[in-house]
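Inspection log for the structure reproduced underneath, given as C-alpha cells.
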Amino acid sequence: MKKFDKDRLILGFAGPVLALVVALALTTVVLLASGQNPFEPYRIMFESASYADVQVLIINQAGTYYLAALAVAVGFRMNLFNIGVDGQYRLAAMMAALVGASVDLPGPLHIALIVIVAMLVGAFWSGIAGFLKTTRGVSEVVSTIMLNSIATALVAWMILPKNFGEQPPGSNNLTTGEIPESGWFPGLPMGDMAGEIYGFTFVAAGCGVVYWFVLNRTRFGFDLRATGASETAAQASGVDAKKMILTSMLISGAVAGLAGMPTLLGDTHTYSLDFPTGIGFTGITIALLGRNNPLGIALSALLIAFLDKSSASLDQYGYEKEIATIMQGLIVISVVVSYELVRRYGIRRQQQKVGEELAAGHALTTEKEAAL
C-alpha cells in the first residue's frame, strides 16, 4: 500500500491557497488606495451569489471555463504552452454552428455531428502549431499566438452576409443562422426564475474524469507525462517524442473545440458577434491555479466564474465591476510567485528530510558498531 505523503499534500494546497490570499490582500490594498471600502465589494459579491439564478450562471460559466482549462492542461502536462485555445475555441464554435444550422437530423445525430465538427476543427487548428513544432522547431507559443489572430480574421470574414453569415432584420448583429431544435442539448431546469444548467456542463465534468483516467491509468498518459518531464529521457526509453507532441496538440485543440459547446448548444444556438471571447486566456489562469489537476481545475473554474458573475451587481452600489478583473489578474501574478516559493521550500524540505534520514542511519550504524 502506498504511504500517505503528508508533506506532498500540504505543498499541493499551499500554492493555490497562498496565491488566493495574496491576490485578496493586494485587491484590498487597491481598494484602499482608491479611497473605497475594502470589504464592502466582497459582501456584495457573496450576497449576489446567494441567488439561485446567479448560482446557475456561475455553474454554466464554470463548465465552459473547465473545458478551456483542460485544453490548456493537456499541453502543460507535455510541457507545451498552448496559448491558442481562444482561437481554436471560437473557430470551432463557428464552424460547428454553420454545420448545425445547415442540416436537419434526428436529435442525437444532430448533436453528435455538431460536437464532432467542433472537435475536428479545434484539433486541426491546434495541429498546425504541433506540425510546425515537430517539423520545423517553431515554438508553439509563437505559432499559437499568430494562429489566434488568423482565426479572428477568418471568423470575421466568414460571418459576413456575403459569405456564410446572416444579418437578422433590424439588427446590426451578424450570425451563422439558428441551429434547429433537434440540435439543442437539453439542460437541467432549476426553476422558472433560476433558468437551467446547460446539459453540456455535465459532459464537461465527464471530460475531467476522462482526463484523469487517461493521464494516470494508461500507457499513453504515462508516455505523455514522461515526455513532458524529459523529452530526451523519454526518447531513450523508446517513446516517439515528436509523435507525442503532435498528438498532445491535437487533443488539446479538440478539447478547446468543446469549450464553446455549453453556450452554443445550451443557450445561443447560433454563433454571432456576441459570442463570448477571451475564454482561452481565462483557461490558462484556471489551469495554473488548479495545477493541472482535474479537481483543482474544477474548483478554480468555479472561483473565476464566481468572480465574473457575482461582480455584475457591483456598479449598482457605486463600485466598478472591474474589481473582479483586477483580482483575476492578481491571481495570475500570485500563482507564479507563490508556486515558485512553494517549489523552493519543497526542495529545501526534501533535502532536510534526506539529511535527517542519513543522520539517523549513521547513528544506528554507530550504535551497532559500539554494541559489537
Side-chain angles (χ1 to χ4, degrees), residues 16 20 41-73 85-86 89-90 92-93 96 111 114-115 118 183-212 255-270 274-314 321 323-325 327-328 331:
L20 293 176
Y42 304 132
R43 184 195 66 78
I44 296 171
M45 290 169 69
F46 277 106
E47 184 178 305
S48 175
S50 66
Y51 294 101
D53 58 336
V54 178
Q55 292 171 2
V56 169
L57 290 174
I58 291 172
I59 293 173
N60 287 336
Q61 187 68 68
T64 297
Y65 284 162
Y66 189 63
L67 288 168
L70 284 181
V72 175
V85 169
D86 200 65
Y89 141 83
R90 285 186 289 115
I111 294 171
I114 294 171
V115 171
W184 299 5
F185 202 105
L188 178 64
M190 301 301 293
D192 294 336
M193 300 298 294
E196 66 176 25
I197 297 175
Y198 300 152
F200 215 86
T201 299
F202 300 100
V203 176
C207 289
V209 176
V210 173
Y211 167 83
W212 174 86
V255 178
L258 291 178
M261 296 301 98
T263 302
L264 180 66
L265 300 180
D267 182 22
T268 62
H269 310 299
T270 186
D274 298 330
F275 209 78
T277 58
I279 300 296
F281 299 107
T282 305
I284 296 174
T285 301
I286 294 169
L288 286 172
L289 184 59
R291 306 200 73 169
N292 302 321
N293 179 281
L295 181 57
I297 292 173
L299 296 175
S300 302
L302 285 169
L303 172 65
I304 300 301
F306 162 78
L307 293 176
D308 278 350
K309 300 305 179 182
S310 64
S311 62
S313 60
L314 284 177
K321 59 183 179 181
I323 290 173
T325 305
M327 186 176 291
Q328 290 179 25
I331 286 175

Looking only at heavy atoms, what is the nearest atom pair of [X] and [Y], with distance?
X	Y	answer
A68	A259	N-CB, 4.0 Å
W212	P294	CB-CG, 3.7 Å
V85	G280	CG1-CA, 3.7 Å
A69	I297	CB-CG2, 3.5 Å
A204	G63	CB-O, 3.8 Å
S310	S313	O-OG, 3.6 Å

Results of side chain to side chain donor-acceptor pair (under 3.5 Å) for [X] - residues two or more places apart only:
X	value
Y211	none
N60	none
T270	T176

Residue list, side-chain contact (heavy atoms from CB on, under 4.5 Å) with [X], at least two apart or on another chain:
X	answer
A305	I58, Q61, A62, Y65
L295	N293
D53	Y51
Q55	none

**Item:** Contact list for residues 184-209, test salt bridge (charged side-chain N to carboxylate O under 4.0 Å, His left out), sequence neighbours left out
**Value:**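 For residues 184-209: none.
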
- Task: Determine which pairs satisfy salt bridge (charged side-chain N to carboxylate O under 4.0 Å, His left out) with at least one residue from residues 275-289, sequence neighbours left out, and list them in order.
- Result: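 Not a single pair qualifies under salt bridge (charged side-chain N to carboxylate O under 4.0 Å, His left out).
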
From [atom1] ([X]) to [atom2] ([Y]), nearest 0.5 Å:
X	Y	atom1	atom2	result
I284	D86	CD1	CG	9.0 Å
F275	T263	CZ	OG1	5.0 Å
D267	W184	CG	CH2	10.0 Å
I286	Y66	CD1	OH	11.0 Å
T201	I59	OG1	CD1	8.0 Å
T277	R90	OG1	CZ	6.5 Å

Quick one: does [X]'s side chain get under 4.5 Å of [Y]'s, heavy atoms only?
X	Y	answer
L258	C207	yes
L20	L289	yes
I331	L307	yes
L67	Y89	no

Set of residues satisfying salt bridge (charged side-chain N to carboxylate O under 4.0 Å, His left out) with respect to E47, sequence neighbours excluded:
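Checked E47 against salt bridge (charged side-chain N to carboxylate O under 4.0 Å, His left out); matches are R43.
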
Review point. Considering residues at least two apart in sequence or located in another chain, which fulfil the ring-ring contact (aromatic ring centres under 6.0 Å, His included) criterion with F185?
Key: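 Residues passing ring-ring contact (aromatic ring centres under 6.0 Å, His included) with F185: F200.
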
Checklist line | Sole candidate of T285, D308, I323, L303 that passes side-chain contact (heavy atoms from CB on, under 4.5 Å) when paired with Q328 | finding: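 The single option meeting the side-chain contact (heavy atoms from CB on, under 4.5 Å) with Q328 is D308.
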
(request) Let me see the working for T268 and D274 under side-chain contact (heavy atoms from CB on, under 4.5 Å), right down to the final yes or no. (result) CA-CA 9 Å; T268 62; D274 298 330; over 6 Å; no

- Task: Sort and list the pairs that fulfil ring pair (Phe, Tyr, Trp, His ring centres under 6.0 Å) and have at least one residue in residues 290-312, not counting sequence neighbours.
- Result: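 Ring pair (Phe, Tyr, Trp, His ring centres under 6.0 Å) check on residues 290-312 returns F46-F306.
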
